[in-house]
Amino acid sequence: MIPFSDKLHHRWKQENTLVCVGLDTDLDKIPPHLKEEKYPLFAFNKAIIDATHDLVCAFKPQIAFYSAYGAENQLEMTFQYLRATYPKVPTILDSKRGDIGNTAEMYAKEAFDRYHADAVTVNPYLGGDSLEPFLSRAEKGIIILCKTSNPGSGEIQAMKVDGEEIYRKIAYLSQNRWNLNNNICLVVGGTYPAELANVRKMAPDIPILVPGVGAQGGKVKDIVKAGVSDDNAGLIINSSRKIIYASSETDFADAARGAAESLRDEINSYR
């Protein structure tokens, strides 16, 4: 098994891309002709993956878009297809899990033994012991929520404890206490470039997953300038809707490729 970190660094360097395509596949938004398929979500995902696989550093399916329809089997099919067809491309299960004890163990099994994801997003609100079942999977990527992209994130994440914002404490703990297997990544929204710059200074070598580009208003130039690491990489810049729904017609896969290529080139122009 190739560790998530090795896969990610290979894509950054050899394929020269920081783009992550989010597979937030909404049954109501896919092209009408696909809804006649036996497995419509998988059919859509397969076409998007085939069209963009050489342009990305990762794919990130969001679990809610599948479980809401009772379509976890199509999520499994998506991960199976990626693993069999494009095994060098890292996969991220975006599920934002977080719990204690045996429940956390089960969530880790879900991500890594059921879906065979290379990485998973997790919520650190319950503390370090809730992360341990994930962090102990040394070959996997554990992507910890730090400063999320939504407008209300500051209600908690910007609160100060002992004079320091909570998101900064999460970055500190990730860098200095939790990262014993060097498998932590952080989530910092592209809608907060100043906070992204702060996290990069605190955690210079930790990969950062950046949502919020495109539909949420994050600016590529600001993200790249604030967040790239010293080796001019370090970012997993996610775009979902702007890429996968670039067209609602039969040309949707070609349109998705064009959108992904445009984003890759824009990112690289600022590196």
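Bear in mind that the values here come from a model prediction, so they are computed numbers and not experimental data.
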What do the steps show when you test Y66 against T25 for side chain to side chain donor-acceptor pair (under 3.5 Å), and what is the final call? CA-CA 8 Å; Y66 305 86; T25 307; 3.3 Å; yes

Could you please spell out the steps behind the side-chain contact (heavy atoms from CB on, under 4.5 Å) verdict for L145 and Y167? CA-CA 9 Å; L145 301 181; Y167 85 87; over 6 Å; no

What salt bridge (Lys or Arg N to Asp or Glu O under 4.0 Å) pairs are there with at least one residue in residues 21-35, not counting sequence neighbours? none

Taking ring-ring contact (aromatic ring centres under 6.0 Å, His included) as the cut-off, I'd like each qualifying pair that reaches into residues 247-271, sequence neighbours left out, listed once. F44-F252

Could you check if a side-chain atom of P207 sits within less than 4.5 angstrom of a side-chain atom of L8, using non-hydrogen atoms only? yes

Please list all pairs passing the salt bridge (Lys or Arg N to Asp or Glu O under 4.0 Å) test where one or both residues lie in residues 52-64, with sequence neighbours left out. D54-R257, K60-D94

Do C185 and F4 make a side-chain contact, defined as non-hydrogen atoms from C-beta onward lying under 4.5 Å apart? yes

Does a donor on one side chain and an acceptor on the other come within less than 3.5 Å for Y81 and N45? no

Do the side chain of Q74 and the main chain of F42 share a donor and acceptor less than 3.5 angstrom apart? yes

Heavy-atom distance under 4.5 Å between the side chains of I208 and I236, does that happen here? no

Working to the nearest 0.5 Å, report the span between NZ of K88 and CG of D6. 12.5 Å

Are E76 and R114 side-chain neighbours, meaning at least one heavy-atom pair lies under 4.5 Å? yes

First locate atom CG of L209, then atom OG1 of T121, and finally report the distance between them rounded to the nearest 0.5 Å. 8.0 Å

If we check side-chain contact (heavy atoms from CB on, under 4.5 Å) with V220, which of these qualifies: L263, I237, V210? L263

With sequence neighbours left out, write down each residue that passes ring pair (Phe, Tyr, Trp, His ring centres under 6.0 Å) with W178, or none if nothing qualifies. none

Take atom OH in Y69; do more than 12 heavy atoms of anything else shown fall under 6.0 Å from it? yes

Considering all heavy atoms of both residues, which atom of L41 and which atom of A71 are nearest to each other, and what is their separation? CD1-CB, 3.8 Å

Applying side chain to side chain contact (heavy atoms under 4.5 Å, CB included), name anything that partners E164, two or more places apart in sequence or on another chain. R168, K169, M202

What do you reckon, are the aromatic ring centroids of H116 and F79 less than 6.0 Å apart? no

Restricting to pairs with a member in residues 178-194, which pass salt bridge (Lys or Arg N to Asp or Glu O under 4.0 Å), not counting sequence neighbours? none

Dump the intermediate steps for side-chain contact (heavy atoms from CB on, under 4.5 Å) on C20 and V56, then the final yes or no. CA-CA 5 Å; C20 174; V56 306; over 6 Å; no

Could you pull out the closest heavy-atom pair between S174 and N179, with the gap in Å? O-CB, 3.0 Å

Contact check, side chains of Y115 and I63, non-hydrogen atoms, under 4.5 Å: yes

Is it true that E266 and K221 have a side-chain N and a carboxylate O under 4.0 angstrom from each other? no

What's the shortest heavy-atom distance between A253 and A51, and which atoms? O-CB, 3.4 Å

Taking only residues at least two apart or on different chains, which pairs with a member in residues 199-209 satisfy salt bridge (Lys or Arg N to Asp or Glu O under 4.0 Å)? none

Apart from I100 itself, residues in the same hydrophobic cluster as defined by side-chain heavy atoms under 4.5 Å: Y125, L126

First locate atom CG of N73, then atom CD of Q80, and finally report the distance between them rounded to the nearest 0.5 Å. 9.5 Å

Enter the distance from L23:CG to T52:OG1 here, rounded to the nearest 0.5 Å. 7.5 Å

With sequence neighbours excluded, what pairs up with N16 under the side chain to side chain contact (heavy atoms under 4.5 Å, CB included) test? N268, R271

Close side-chain approach of V187 to P211, heavy-atom, < 4.5 Å: yes

side-chain hydrogen bond (donor to acceptor under 3.5 Å, both in side chains) pairs, two or more places apart, involving residues 225-235: S229-D231

Can you spot which of I144, N182, I184, N183 makes a side-chain contact (heavy atoms from CB on, under 4.5 Å) with I206? I184

Linking I/L/V/M/F/W/Y whenever any side-chain heavy atoms sit under 4.5 Å apart, do V120 and M106 land together? no

Using side chain to side chain contact (heavy atoms under 4.5 Å, CB included) as the criterion, list what pairs up with S67, not counting sequence neighbours. E72

Residue pairs meeting side-chain hydrogen bond (donor to acceptor under 3.5 Å, both in side chains), one or both in residues 130-147, sequence neighbours left out, come to D113-R137, K147-S153

Rounded distance (nearest 0.5 Å) linking atom CD of E15 with atom CZ of R264: 9.5 Å

Measure from the side-chain N and O atoms of Q62 to the backbone N and O of A64, and report whether any donor-acceptor pair falls under 3.5 Å. yes

CD (E165) and CD (E195) are apart, to the nearest 0.5 Å, by 8.0 Å

Check against side-chain contact (heavy atoms from CB on, under 4.5 Å), D118 and I2: CA-CA 9 Å; D118 293 310; I2 303 173; over 6 Å; no

State, with a plain yes or no, whether a side-chain heavy atom of T91 is found less than 4.5 Å away from one of R83. no

Does the side-chain contact (heavy atoms from CB on, under 4.5 Å) test come out yes or no for T148 and Q157, once each step is laid out? CA-CA 8 Å; T148 56; Q157 295 161 16; 3.0 Å; yes

Answer yes if Y192 and V213 sit in the same cluster of Ile, Leu, Val, Met, Phe, Trp and Tyr residues linked by side chain heavy atoms under 4.5 Å apart, and no otherwise. no

hydrophobic_cluster_shared for L93 and L135, side chain cutoff 4.5 Å: yes

Non-hydrogen atoms of L235 and V224 that approach each other most closely: CD1-CA, 4.2 Å

Write down the atom of A117, the atom of F112, and the distance for their closest heavy-atom approach. O-CD2, 3.3 Å

Could you tell me which non-hydrogen atom of C57 sits nearest to which non-hydrogen atom of T17, and how far apart they are? CB-O, 3.4 Å

Taking the side chain as C-beta and beyond, is there a heavy-atom pair between F59 and I92 under 4.5 Å? no

